[in-house]
Undergrad: 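Sharing a structure here in structure tokens format.
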Amino acid sequence: MSAAVTSETRARRGDTQAEPREHAQTPVPASDQQSKDVAIRLEKVALGYDSDTIQQGLSFAIRRGDVFIIMGGSGCGKSTVMRALTGLLAPRQGRVLLQDQSLWEVSEAARTQILRGVGVMYQSGALWSSMTLEENITLPLEQYTRLSRQQIGELAEYKLALVGLAGFGGYYPGQISGGMRKRVGVARAMALDPDILFFDEPSAGLDPLSARRLDDLILELRDSLGTTMVVITHDLDSIFLIGDDAVFLDAETRTMLTTGNPKHLRDHSEIAEVRAFLRRGEA
Amino acid sequence: MALDQGADSDFVLRLAGRWRLDQRIPPRAEFSALLDRAAPIEGAGPGGNDHSRSEDATATSQPLRLRFDTSALSDWDSALVSFIAGVERLCAERNIDCDPEALPDGLRRLREMANLAAAPEEDPHDRGPSFLARIGLDIGDLVRSTGEIITFFGEGAIAVRHFVAGRARYRKSELWVILQESGADALPIVSLVSFLVGMILGYIGDQQLARFGVRIYVADLVGLATVIQMGALITGIVLAGRTGAAFAARIGTMQVNEEVDALRTFGIPPMEFLVLPRMVALILMTPLLTLYADLLGILGGAFVGTVVGGVTLTAYLVQTQAAIGWNHIIQGLISATVYGAIVAASGCLRGMQCGRSAAAVGEATTSAVVTAIVFIVIAAAILTVIFDAIGLSA
Ligand SMILES: Nc1ncnc2c1ncn2[C@@H]1O[C@H](COP(=O)(O)OP(=O)(O)OP(=O)(O)O)[C@@H](O)[C@H]1O
Ligand SMILES: [Mg+2]
């Protein structure tokens, strides 16, 4: 049954290699997947702050060009996992591999280099409050490209337009609404056209139309630029619409319960919590 | 409220009338007392209670079930819900089975929903240490702060090296804004405080020196005290309260909003982008402000010296000029530079260490000011010894 889902999603991307789509608790053996397909791999990762362990035993792989969903109840550690994948929090144990390089076993300079290929949209937007929206987007471009001032300005305008905020470049983050800030956060995350984009609850606080637009944008960027998308979200509609693959984190056992295609998990997962989550509590 | 023993030796808790938040709700202790008398556990006290109308204290074989009777209950809200929660907890402690059957449907459902949300095992708010323990912890803090601030200085020095080499990543426009905010904008408060302190010094000096008939020496006293130490100290402390606090609040808020994380993931070191401009600004501005404070302090002393002491302004200024040497001014300026660096470092350090809540920003701000003032005073003492040792204060 799982093979059917597999070949369907794989065929769409012209990939013939089949593999099981749901691994309950079992680490993904490295040989299972060719590394060229894998953008991010976690090996027995444990995460925590101070004395608390938030998540442990995390082993999964995120394939290149997938929209990968991280889901789980509030406070189970989704944002924490994202912090580990974006170079902000060193894991207690285990390895995080981005594009086949171990993020936490290299020098800081090398890590910065790896993270150049990563864009992040934070749960709170995290716009730099002392800069205008345009400057928020141009700052990374000024740091990392050799484009002229005018080119950078035009690029920023284009990114803002992509998230439906053309003409707002001169505003400060404090002058726009929360939903708009989220969208600017998306635009900034895309500033350098990264290979991997992380979104922490992109549609929370957005009206249904903007949320849908954002989903479309995520799919469009994936299809046209081949960007790998890692999305933390609770929005079931969005999970089923855009998710190719997913991992389910549990707060109680502090580990992952399963991975696999969200629709498949909803219909066939053996784990009651996962089914309940994906069916809004209706068993 | 009444507790009866039913026919089948179950307890029946009868609830009657209105149970609403705007009314007096019997405290849980009252129910506990009722229960004590009805089902004494190893000699629980008798405790007279006016609420108990009828109860059977003769039961020897304790019934282990509690039912509710709500037939006379007219009206209820959260007050009853939370009372029932307390009842359930007490019953659980005494191994009495609580049967919610007779409770209103809505109330039962609310209880169930509240029970669903599992509470975390441990209480994150611990009691807070005792007074003595706090003193110990404070001393521990001071030792730790010393280590932290020295490490921070080290990191800052690397950033400054990048700055000098022109490789640091910061926004020039931001540096200008910080220079203005921490320098020019501080002029009024620095003027006021140093003029007043100059006056105070002058007044005290004048009273004492008048006894010996050498009022003119007020100029020496005020001039030297201000130039060597007071000017720098006043500027340092004013900046700690004004600018250091602002740095901590600003960077702390950026932590809360994940703005610092966003910088890091773009590979922009916060040390260069946020801390460096602030360090540079204060290291440049504090000595300048100190010179200005020195001037105002001397004028404050001169005001007292001429108005109260009756010395002519010219004589006062000539006397001041003769008293102060370059070595004194240099001492003051070196101190000022050190204090400026301390204020910037404490502000930025506490901001960077800030937790992720509004309360944490408040703590960071307070802590920045306290750290700055403590280390300014320590530095003042050490610098005085050093200046003396190298013969600068002669
Ligand atoms: N900086 C921190 N220091 C200590 N504990 C933290 C910190 N940040 C988060 N936590 C703890 O880690 C746990 C997971 O937090 P996290 O933000 O990763 O949850 P989440 O899954 O993203 O939740 P949500 O869906 O509500 O955003 C929480 O219990 C929280 O208390
Ligand atoms: Mg989160």
Side-chain angles (χ1 to χ4, degrees), chain A residues 49-52 73-75 79 82-83 85-89 98 103 108-132 135-144 173-174 178 181 184-185 188-189 191-192 194 196-198 200 251-252 281, chain B residues 112-113 116-124 126 155 158-159 162 167-178 180-181 246-247 249-274 277-278 281 351-353 355-358 360-361:
Chain A
Y49 299 99
D50 304 324
S51 55
D52 309 335
S74 242
S79 301
M82 195 187 83
R83 288 172 63 81
L85 302 186
T86 53
L88 294 171
L89 177 73
L98 250 71
L103 196 54
E108 201 175 323
R111 182 156 59 240
T112 307
Q113 189 58 37
I114 299 172
L115 291 173
R116 285 272 300 280
V118 165
V120 186
M121 193 224 88
Y122 291 87
Q123 192 163 3
S124 58
L127 300 179
W128 295 309
S129 44
S130 61
M131 300 181 215
T132 63
E135 284 169 332
N136 262 279
I137 299 170
T138 54
L139 178 71
L141 288 165
E142 281 162 8
Q143 296 290 328
Y144 292 116
R181 277 201 283 271
V184 181
R188 186 183 63 185
L192 295 169
I196 307 173
L197 262 173
F198 289 87
D200 195 347
E252 211 126 294
Chain B
E112 270 158 26
M113 288 185 93
L116 269 186
E121 307 100 70
E122 75 236 43
D123 184 3
D126 45 14
E155 289 170 20
I158 296 172
H162 284 181
R167 283 190 290 117
R169 278 178 275 188
Y170 67 99
R171 295 188 344 140
K172 291 204 176 57
S173 55
E174 188 140 325
L175 177 61
W176 283 114
V177 171
I178 297 170
Q180 186 193 336
E181 282 174 358
F247 288 177
R250 184 60 181 273
I251 297 179
T253 312
M254 292 186 74
Q255 286 278 15
V256 175
N257 293 340
E258 300 180 295
E259 290 175 52
V260 177
D261 289 347
L263 281 176
R264 284 215 177 91
T265 35
F266 276 119
I268 302 171
M271 208 62 204
E272 287 178 18
F273 197 80
L274 298 176
R278 290 175 167 80
M352 294 295 285
Q353 287 175 336
R356 299 193 172 238
S357 67
V361 176

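Below, chains carry the letters A, B, ... as their sequence lines are ordered, and counting in each starts from 1.
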Undergrad: Please list, chain by chain and in numerical order, all residues satisfying side-chain hydrogen bond (donor to acceptor under 3.5 Å, both in side chains) with Arg171(B), sequence neighbours excluded.
TA: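 By the side-chain hydrogen bond (donor to acceptor under 3.5 Å, both in side chains) rule, Arg171(B) matches no residue at all.
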Undergrad: What's the shortest heavy-atom distance between Thr86(A) and Thr265(B), and which atoms?
TA: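 Answer, listing the atom of Thr86(A) first, then Thr265(B): O-CG2, 3.2 Å.
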Undergrad: Who passes side-chain hydrogen bond (donor to acceptor under 3.5 Å, both in side chains) against Glu272(B), sequence neighbours left out?
TA: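 His162(B).
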Undergrad: Minimum heavy-atom separation for Trp128(A) and Met254(B), please, with both atom names.
TA: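 Here Trp128(A) and Met254(B) meet closest at CD1-CE, 4.0 Å.
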Undergrad: Under a 4.5 Å cutoff for heavy-atom pairs, which residue among Ala262(B), Gly267(B), Ser173(B) has the most contacts with chain A?
TA: Ala262(B)
Undergrad: Using only non-hydrogen atoms and a strict under-4.5 angstrom cutoff, which residues of residues 108-116 of chain A touch chain B?
TA: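 So far as heavy atoms go, Thr112(A), Leu115(A) are the residues that approach chain B to under 4.5 Å.
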Undergrad: Between Tyr122(A) and Asn257(B) (side chain of the first, backbone of the second, donor and acceptor by atom type, cut-off under 3.5 Å), is there such a pair?
TA: no
Undergrad: Under 4.5 Å from any heavy atom of chain B, what part of Gln123(A) do you find: side chain, backbone, both or neither?
TA: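 Both parts, heavy atoms under 4.5 Å.
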Undergrad: Looking only at heavy atoms and a cut-off of under 4.5 Å, which of Pro194(A), Ser130(A), Gly87(A) has the most pairs with chain B?
TA: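 Among the listed options, the one with the most contacts to chain B is Ser130(A).
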Undergrad: Side chain of Gln143(A), backbone of Ile268(B): donor and acceptor closer than 3.5 Å?
TA: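 Side chain of Gln143(A) to backbone of Ile268(B), a donor-acceptor pair under 3.5 Å: no, none is there.
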Undergrad: Name all residues meeting the ring-ring contact (aromatic ring centres under 6.0 Å, His included) criterion together with Phe273(B); count only those two or more places apart in sequence or in a different chain, and write none if there are none.
TA: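 Not a single residue meets the ring-ring contact (aromatic ring centres under 6.0 Å, His included) criterion with Phe273(B).
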Undergrad: Less than 4.5 Å to any heavy atom of chain B: does that hold for the side chain of Leu127(A), its backbone, both, or neither?
TA: backbone
Undergrad: Which heavy-atom pair separates Glu258(B) from Ala126(A) by the least distance, and what is that distance?
TA: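 Distance-wise, the nearest heavy atoms are O-CB, 3.3 Å.
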Undergrad: Could you go step by step and tell me if Phe266(B) and Leu192(A) meet the side-chain contact (heavy atoms from CB on, under 4.5 Å) rule?
TA: CA-CA 9 Å; Phe266(B) 276 119; Leu192(A) 295 169; 4.0 Å; yes
Undergrad: Distance check, rounded to the nearest 0.5 Å: Ser124(A) atom OG versus Arg356(B) atom CZ?
TA: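 Reported to 0.5 Å precision, the distance equals 8.5 Å.
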